[in-house]
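The next block holds one structure in the form of structure tokens; read it before the comments.
Whatever order the structure lists them in is the order used to number ligands and atoms, beginning at 1.
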Amino acid sequence: MKLIIDTDPGIDDAMAIAYAAAASEFNLIGLTTVFGNTHVHQSSRNARFLLDKLGLDLPVAEGASYPLGADTHAPSEHVHGPEGFGDLTEIPEIGQNHALPAAEFLVEMARTHKGELVVCAVGPLTNIANAMRLDPEFADNLRQLVIMGGAVYCPGNITQHAEANIYHDALAAEEVFSTPPNTVLVGLDVTLKTLYETADFEALAQRSPDMGSFLRDISRFYLKFYKEIGGLEGCGLHDSTAVIACSHQAMFNMVETGLRVVTDGDMMGATQPDPERPTIRVCCDVDEAGVVRLFTDRVASLP
Ligand code: BDR
Ligand code: CA
């Protein structure tokens, strides 16, 4: 399966990229980056660093710095650390970004691999909305669009009503959900069930001394955040669960519904079922133990 991950690495993004690199069913074409957990230049630097660490020579196309119509963004330093990788602050710049901006790269890859490319968006949806604006056939050219975002039948994480990726660019999400030909939404409804605990990270580090230890080390900060805000003993495998949904849809229960995104006010970023909208598949339940096991087994195969 040809895959591009649109990402804001970000600790759980790093886990998802490692998973995609380890899972043999994926042919990773490249990464596109977006603001979100970090500023976009940090997302791109972290993406290039991760690919190098994984031994992959793949393009990183840099995307949006800000939400649609905005000219600022405050990164989630309290969740992902000042540079996006927890307590790790010295992250080298390796290589360079692709010549094309993310939205153009996505449009071109969707045309080149028409009907074959899966895009897994695990950050704010700005690049995806921009790709749809650039080419009205973009979404039709994809095999599937899988989105980590939203909290349809459960509370949010950044506010009571909103999940972070959707909240960070609610306008983009609203645009994307109004033209979804083949879209799967993997939101907090399932990703707060696929928790990865300290003991899971330790077991992973034992089996994968380089990558597993790296993920364990950067995740200490993330685990602390989850403990402090929700008393949770693990962190959500948010972005990895979305990547797993690209290839293992039988592990998920989905409902078909249209969705509307609230774009202002107290409810900004809320993802609400709306039967008038085009149908997308919303994950509402998951084989959580299966996802955690699959993640560990695959990433453990890395050095
Ligand atoms: C999502 O927000 C980000 O903090 C994570 O990387 C994930 O994509 C979870 O709400
Ligand atoms: Ca993310």
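Residues Phe35 and Tyr66 place their aromatic rings such that the two centres sit no closer than 6.0 Å. The six-membered or imidazole ring of Phe225 lies near that of His78, with a centre-to-centre distance under 6.0 Å.
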Derivation and outcome, side-chain contact (heavy atoms from CB on, under 4.5 Å), residues Arg298 and Glu25 = CA-CA 11 Å; Arg298 293 282 168 83; Glu25 59 270 27; 2.8 Å; yes

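Across every non-hydrogen atom of Glu83 and Asn46, the tightest pair is O-ND2, 2.8 Å.
For ligand 1, residues of the protein lying within 4.0 angstrom by heavy-atom distance are Asp12, Asp13, Asn37, His80, Val122, Met148, Asn157, Glu163, Ala164, Asn165, His238, Asp239.
Ring geometry, His41 versus His39: the interplanar angle falls under 30°, so the pair is classed parallel (tilted spans 30 to 60°).
Salt bridge annotation for Arg207-Asp297: present, with a cationic side-chain nitrogen under 4.0 angstrom from a carboxylate oxygen.
No more than 12 heavy atoms of other residues, nucleotides or ligands lie within 6.0 Å of CD in Gln96, so this atom counts as exposed by the packing criterion.
Protein N/O/S atoms closer to the Ca ion (ligand 2) than 3.0 Å number 5 in this structure.
Glu108 is linked by a side-chain contact (heavy atoms from CB on, under 4.5 Å) to Leu100, Thr112, counting only residues two or more places apart in sequence or in another chain.
Applying the 4.5 Å side-chain rule to ILVMFWY residues, one finds that Phe221 remains a lone member of its cluster.
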